[in-house]
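To start, the structure under review is shown below, and the notes come after it.
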Amino acid sequence: MLDIKFLRENLDRVKERLAARGGSIDWDRFAAIDRERREALVESERLKERKNRLSGEIGKLKKSGGDAAALMKEVETLTEAIRKAEAPLPEIEARFDEFMLSVPNVPHDTVPFGRGADDNPVVRQWGKPPEFDFTPKPHWDIGEELGILDFDRAAKIAGARFVIYHRQGALLERALAAFMLATHTLENGYAEVFPPFIVNTASLTGTGQLPKFADDLFKLEGTDFWLSPTAEVQVTNLYRDETLDAERLPLKHCAWSANFRSEAGSYGKDTRGIIRLHQFQKVELVKFVRPETSYDELESLTRDAESILQKLGLPYRVVTLCTGDLGFGAAKTYDIEVWLPGQNGYKEISSCSNFESFQARRAGIRYRTAGKSRSDYVHTLNGSGLAVGRTLVAVLENYQQKDGTVVVPEALRPYMGGLEKIA
RNA sequence: GGAGAGAUGGCCGAGUGGUCGAAGGCGCACGCCUGCUAAGCGUGUGUACCUCAAAAGGGUACCGAGGGUUCGAAUCCCUCUCUCUCCGCCA
């Protein structure tokens, strides 16, 4: 959510930057709602002020034994007037909130203009795609031949877009998560949390998934429970409606969790393998920082995510999302894309974003500097560090051997009982 | 699931219909005093929104949430949420 004052005072600039995202926003409607809301508020508050004053006088009169009948009569008419003045307010407020909650964040000045994913400039590249003296297989073939990925039984138990890991597959998934958590907690300074996988509407509104993107989520029927699509929701909402001491910032958390996405509208996309599932596991990085440091923090957050790929020896590149590809709440995003031989291309494995105060405003996350009376909104950032399933894909595809086995990256072996090869 | 207790400002804790945004204490900030690892004194100390060119000032709302009674509610009534205790069940 944008700051309403900022929005009013910088309307032209905001319009221009939001237009670069590609969507269209009905600004005339905004102007009308904003004006309507303020007029209704002023009128009802004016009436209430008078009523409060008269009520006080009635109290004094009664105490001193005077006759308050005339005043009480006037208050009666005021009550009716207030009722009338307030009647349209809930509906106006609802429209106002709906509008404010549906306006995306303003892209940062350093975000390049572009229409879509093809316009995302590459920032840097690490590692070289491995060369094979055979045709590298996609991970679903590797996994099924090794008997570690089982799609048929997953479909029987749950449905399409689920997987079951067997034996070293399950171990690899678990080892990757443990390795990522160890790196982020011991080397990168993130405090681990383990959150619920189910969240409520308020939390999803706080981080921006709701109200706009309900279709992407699983809802538990008859409850206010949703399956969380990313631990960004849980971890960011850790401090919802709290004011943090400035000395505690930056606050850095990592969390392993399962994530659930309906993948509505992704028919025919990544249908094979485990690239796009209804459930996947991810280690998430979340930061709460002072506004003036948030872009430096975005750089280091991205580097922290990259460190996992470097330790695993997986080639990747980093791209900046252009205005047309930027997510709803993000002011700036770097995507990390890992090299997948099976697809002969780079595939997103992490998305690192600075939300500035967009989420903090929705979620009421503030910070206060000792001695300063006024609190301000923190800036929130998050990024995957990394998506475990896609990392597993990258390991299988990049470390596959001619004989169908897969070499375990050195860094993972301690987490897999010393296993050197999946055969 | 059953029985009971509770939810007040950064914290503790008063407050059962009127001048309560809320006593008092702690903490914190600023100032004064004091020559000694401290104490004392004074003042101030919530948030959101509206109004105002801005500041000052003014206003509205908020005592877990929502509704109701009343001229007037932190105080009375109803519903809900959460926390705690005991029992049951369970991983």
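Chain letters run A, B, ... following the sequence lines, proteins first and then strands; every chain starts at 1. All values derive from a computational prediction rather than experimental measurement.
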Surrounding CZ of A/F328 (heavy atoms of other residues, nucleotides or ligands, distance under 6.0 Å), is the total greater than 12?
yes
Just N and O in the side chain of A/R53: are any of them under 4.0 Å from OP1 or OP2 of B/G58?
no
Contacts of A/R50 and A/G56 projected onto RNA chain B by closest heavy atom; the upstream (5') one is A/G56
Using the P atom as the reference point in each nucleotide, state the distance between B/G2 and B/C20 in Å, no decimals.
43 Å
Using a heavy-atom cut-off of 4.0 Å across all strands, would you classify A/R35 as base, sugar-phosphate, or nothing?
nothing
Pairwise C1' distance, B/U70 and B/A56 [rounded to whole Å]
37 Å
P atoms of B/U45 and B/A22, separation to the nearest Å:
10 Å
Selection: residues 196-209 of chain A, any non-hydrogen atom under 4.0 Å of RNA chain B
none
May I ask you to check whether over 12 heavy atoms, not counting those of A/R8, lie within 6.0 Å of atom CZ?
yes
For A/K347, is there an ion pair with A/D270 - N to carboxylate O distance below 4.0 angstrom?
yes
A quick test of your reading: do over 12 heavy atoms of other residues, nucleotides or ligands sit less than 6.0 Å from CZ of A/R153?
no
Would you kindly give the CG-to-C1' distance between A/D241 and B/U81, to the nearest whole Å?
14 Å
Interatomic distance where CD belongs to A/E57 and P belongs to B/C71 [whole Å]:
17 Å
Rounded to the nearest Å, what distance is computed from the CZ atom of residue A/R83 to the C1' atom of nucleotide B/U69?
16 Å
Under 4.0 Å from OP1 or OP2 of B/A48: is there any side-chain N or O of A/R366 that close?
yes
Read 5' to 3' with Watson-Crick or G-U pairs under 3.5 Å, [ ] for crossing pairs and | for partners on another strand, RNA chain B gives ((((((((.[[[..)..(.....]]]((((((.......))))))((((((.....)))))).[[[[[..)....]]]]])))))))....
Which residue lies more 5' along RNA chain B, comparing A/Y377 with A/S44 via nearest heavy atoms
A/Y377
Using a strict 4.0 Å threshold on nitrogen-to-oxygen distance, state whether A/R95 and A/E98 make a salt bridge.
no
Modelled atom types, side-chain donor and acceptor of A/D325 and A/N120, under 3.5 Å
yes
Taken to the nearest whole Å, CD1/A/I58 to P/B/A73 is 12 Å
Using a strict 4.0 Å threshold on nitrogen-to-oxygen distance, state whether A/E397 and A/K137 make a salt bridge.
no
Would you mind checking if A/K48 and A/E86 are paired as a salt bridge, meaning a charged N to carboxylate O distance below 4.0 Å?
yes
Determine, for A/E57 against A/K62, whether the closest basic-nitrogen to carboxylate-oxygen distance falls under 4.0 angstrom.
no
For B/C33 and B/G40, measure between their C1' atoms and round to the nearest Å.
8 Å
Does a salt bridge link A/E297 with A/R290, judged by any charged N lying under 4.0 Å from a carboxylate O?
no
Which part of the nucleic acid does A/K62 contact within heavy-atom distance under 4.0 Å: base, sugar-phosphate only, or nothing?
base
Taking only side-chain nitrogens and oxygens of A/R38, does any of them come within less than 4.0 Å of OP1 or OP2 of B/U51?
yes
Taking atom P of B/G10 as reference, at what distance in whole Å does atom OH of A/Y367 sit?
18 Å
OP1 or OP2 of B/U60 versus the side-chain N and O atoms of A/N52: is any pair under 4.0 Å?
yes
Roughly how many Å apart are B/G4 and B/G9, using the C1' atom of each and rounding to a whole number?
29 Å
Value in whole Å for how far the C1' atom of B/A48 lies from CD of A/E93
12 Å
Whole-Å P distance, B/C41 and B/U34:
16 Å
Rounding to the closest angstrom, what is the interatomic distance between B/A23 and B/A74 at atom C1'?
14 Å
Roughly how many Å is it from CD in A/E43 to C1' in B/G59, rounded to a whole number?
13 Å
Distance check, C1' atoms only: B/U16 and B/C77, in whole angstrom units.
14 Å
Rounded to whole Å, CD of A/E45 lies from C1' of B/U60 at a distance of 4 Å
Is A/K156 paired with A/D152 through a side-chain N to carboxylate O contact shorter than 4.0 Å?
no
